[in-house]
Asks: 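Here it is, the structure, as structure tokens.
Start at 1 and go down the list; that is how both ligands and their atoms are numbered. Heavy-atom basis, side chains included; hydrogens, waters and symmetry copies ignored.
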Amino acid sequence: MSEQSRPRALTEPAQLRAWTDEARAAGRRIGLVPTMGNLHAGHLSLVAAARERADAVLVSIFVNPTQFGDGGDFDRYPRTVDADLAALADRADAVWLPSVEAMYPFGPGAATTVHVPGLTDVLEGAHRPGHFDGVASVVTRLFNQSRAEVAVFGEKDYQQLQVIRRMVADLSAPIEIVAAPTVREPDGLAMSSRNGFLDTEQRDRAGLIHRVLSAMADAARAGTSLPAVEAEAMAALSSAGFEPDYAVLRRADLSEPAGAGEAEVALVAARLGQTRLIDNLRI
Ligand code: AMP
């Protein structure tokens, strides 16, 4: 059995600083993969994409309190650091595991925030007020702390990816953003840490989201009117016991298309029991 090499676990800002100093002194290009841990094959595909574009791959694992709303979602978010470090063996060079205090020295509530206007008012932003401020703010910190030249994000969180790209453009952040395709289970369900909250019966039903997205994309391609496609998708989810927040067709920049021919992405958010799932499909 070959000896696997675990990534270096960095828990203190000074340790991260030393690691980035060393990488930069050696002329290595740093690639960052921000995560909240509980790693699955989707996350690992991002790490592989970072490896293709960087010489020193840093994965951050931080369950960021400022991007969660009320309701205990932050407390019950799965934390599996040991398994995550094992999964990253031979894949990442270092893992950044900051405490909440390291990330927010003056407390999360008192922290400087980054707000991306417009894009964050719709869809996820409308259903999770403040969520994207938390995301943009923590990602800015991670960019600054890691001094990465490239960072990889999943298309699974399509709106998040757009928000990060806009933020980087607006702030002239010296970093390249790479998007990685969504990794799915055999029935089409997008891999997600939240899938672990589904019971067996809910898990069997969850594949419907991807089928609904595929049907929306097909209907848009066929030129069906957008309101009709969206209404049918909402009805299909509701009648299968989901509580959908939205099922919409949008342009790639998330603006509203004038007609079916302009729809470039289908997006769904729906609750199944206590678990809220999001997914999307490019058309
Ligand atoms: P999270 O740990 O959920 O914050 O996700 C960390 C990163 O992994 C984000 O850029 C996500 O978009 C990405 N990600 C999550 N699930 C998947 C998936 N199934 N396929 C590809 N990327 C994913």
Side-chain angles (χ1 to χ4, degrees), residues 31-54 57-69 73-74 76-81 83-85 87-88 91-92 95-98 100 103 119 123-125 128 131-143 146 148 150-168 175-198 203 206-207 209-210 213 254 265 267-269 275-282:
L32 172 70
V33 181
T35 80
M36 298 200 299
N38 194 236
L39 303 182
H40 50 64
H43 297 114
L44 298 182
S45 76
L46 271 52
V47 178
R51 173 66 66 203
E52 283 175 21
R53 294 165 176 86
V57 174
L58 178 70
V59 175
S60 63
I61 297 180
F62 180 62
V63 184
N64 175 33
T66 69
Q67 70 188 70
F68 287 85
D73 204 25
F74 172 73
R76 71 179 193 138
Y77 200 84
R79 290 161 171 90
T80 55
V81 170
D84 293 346
L85 290 174
L88 290 171
R91 293 189 160 103
V95 180
W96 172 222
L97 299 156
V100 172
M103 194 59 89
L119 250 184
L123 304 176
E124 285 306 282
R128 303 180 68 188
H131 168 69
F132 286 123
D133 288 358
V135 170
S137 302
V138 80
V139 167
T140 300
R141 284 169 174 71
L142 291 167
F143 287 175
S146 67
V150 55
V152 186
F153 292 85
E155 283 175 358
K156 156 78 167 54
D157 298 283
Y158 185 85
Q159 190 175 5
Q160 168 174 283
L161 176 63
Q162 305 311 314
V163 169
I164 304 288
R165 284 196 189 285
R166 176 72 62 80
M167 176 186 85
V168 163
I175 190 162
E176 177 194 350
I177 304 300
V178 171
T182 302
V183 176
R184 299 179 179 284
E185 302 285 359
D187 68 344
L189 177 65
M191 289 192 179
S192 166
S193 303
R194 289 190 169 84
N195 295 350
F197 294 133
L198 302 172
R203 171 62 194 85
I209 292 180
H210 183 247
L213 285 166
L254 293 178
V265 58
L267 305 105
V268 162
T275 309
R276 189 168 178 282
L277 301 172
I278 63 168
D279 198 358
N280 67 86
L281 201 63
R282 295 296 294 258

Asks: Report the nearest protein non-hydrogen atom to atom 3 (O) of ligand 1: residue, atom name, distance rounded to 0.1 Å.
Replies: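 Residue, atom and distance for the closest contact: Y77 OH, 3.8 Å.
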Asks: If the cut-off is 4.0 Å to any non-hydrogen atom of L46, which atoms of ligand 1 fall inside it?
Replies: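 Selected atoms, number and element: 7 (C), 8 (O), 10 (O), 13 (C), 21 (C), 22 (N).
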Asks: For ligand 1, is there an atom lying under 4.0 Å from some heavy atom of A41?
Replies: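 A41: no contact with ligand 1 (<4.0 Å).
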Asks: Look at atom 4 (O) of ligand 1 and say which protein heavy atom is nearest, naming residue and atom and giving the distance to 0.1 Å.
Replies: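 For atom 4 (O) of ligand 1, the nearest protein heavy atom comes out as M36 CG, 3.6 Å.
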Asks: Which ligand 1 atoms, with their elements, are less than 4.0 angstrom from a heavy-atom of F153?
Replies: 10 (O)
Asks: Do side-chain atoms of T35 reach the backbone of S60 as a donor and acceptor pair under 3.5 angstrom?
Replies: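 Judged by distance alone, yes, a pair lies under 3.5 Å.
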Asks: Closer than 3.5 angstrom, by distance alone: can the side chain of R76 be matched with the main-chain N or O of F74 as a donor-acceptor pair?
Replies: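 The answer is no, because no donor-acceptor pair under 3.5 Å joins these two groups.
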Asks: Please could you name the atoms of ligand 1 that G154 approaches to less than 4.0 Å, counting only its heavy atoms?
Replies: 9 (C), 10 (O), 11 (C), 12 (O), 13 (C), 22 (N)
Asks: Nearest to atom 23 (C) of ligand 1, what protein heavy atom do you find, and at what distance?
Replies: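 For this ligand atom, the closest protein heavy atom is K156 CB, 3.9 Å.
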Asks: Just jot down the ligand 1 atoms closer than 4.0 angstrom to any heavy atom of P34, in number order.
Replies: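 Taking each heavy atom of P34 in turn, ligand 1 has 6 (C), 7 (C) under 4.0 Å.
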Asks: How far is atom 12 (O) of ligand 1 from the closest protein heavy atom, and which atom is that?
Replies: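 I find the closest protein heavy atom is D157 OD2, 2.7 Å.
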Asks: For ligand 1, which atoms have a heavy atom of G42 less than 4.0 angstrom away?
Replies: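 Reading through ligand 1 atom by atom, the close ones are 18 (C), 20 (N), 21 (C), 22 (N).
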Asks: Start with the C-alpha distance between D187 and R203, add both sets of side-chain angles, then the distance that settles salt bridge (Lys or Arg N to Asp or Glu O under 4.0 Å), and finish with yes or no.
Replies: CA-CA 10 Å; D187 68 344; R203 171 62 194 85; 2.8 Å; yes
Asks: Could you tell me whether a side-chain N or O of H131 sits under 3.5 Å from a main-chain N or O of G125, the two making a donor and an acceptor?
Replies: no
Asks: Apply the test side chain to side chain contact (heavy atoms under 4.5 Å, CB included) to residues L119 and L254: give CA-CA distance (whole Å), side-chain angles for both, the deciding distance (0.1 Å), then the verdict.
Replies: CA-CA 8 Å; L119 250 184; L254 293 178; 3.9 Å; yes
Asks: Check the pair M103 / V138 against side chain to side chain contact (heavy atoms under 4.5 Å, CB included), numbers first and verdict last.
Replies: CA-CA 8 Å; M103 194 59 89; V138 80; 4.2 Å; yes
Asks: Is the closest heavy-atom distance from H40 to ligand 1 below 4.0 Å?
Replies: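 Yes, that is the case, since the closest heavy atom of the residue is under 4.0 Å from the ligand.
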Asks: Give the residue, atom name and distance (to 0.1 Å) of the protein heavy atom nearest atom 20 (N) of ligand 1.
Replies: V183 N, 2.9 Å
Asks: Taking only heavy atoms of M191 into account, list the atoms of ligand 1 that are under 4.0 Å away from them.
Replies: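 Going through ligand 1 atom by atom, the ones under 4.0 Å from M191 are 16 (N), 17 (C), 18 (C), 19 (N).
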Asks: Apply the test side chain to side chain contact (heavy atoms under 4.5 Å, CB included) to residues S146 and W96: give CA-CA distance (whole Å), side-chain angles for both, the deciding distance (0.1 Å), then the verdict.
Replies: CA-CA 9 Å; S146 67; W96 172 222; over 6 Å; no
Asks: Is a donor on one side and an acceptor on the other found under 3.5 Å between the side chain of K156 and the backbone of I278?
Replies: yes
Asks: With a heavy-atom distance limit of 4.0 Å, tell me whether P181 approaches ligand 1 through its side chain, its backbone, both, or neither.
Replies: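 Backbone only.
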Asks: V152 versus ligand 1: do any nitrogen or oxygen atoms come within less than 3.5 Å of each other?
Replies: no
Asks: Quick test: of every protein heavy atom, which one is nearest to atom 5 (O) of ligand 1, and how far off is it to 0.1 Å?
Replies: H43 NE2, 3.5 Å
Asks: Test your reading of the model: is there a side-chain donor-acceptor pair from H43 to the backbone of H40, 3.5 Å cut-off?
Replies: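 Between the backbone of H40 and the side chain of H43 there is a qualifying donor-acceptor contact (under 3.5 Å).
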Asks: Please check: side-chain N/O of Q67 versus main-chain N/O of D133, any donor-acceptor pairing under 3.5 Å?
Replies: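 No, Q67 side chain to D133 backbone: no donor-acceptor pair under 3.5 Å.
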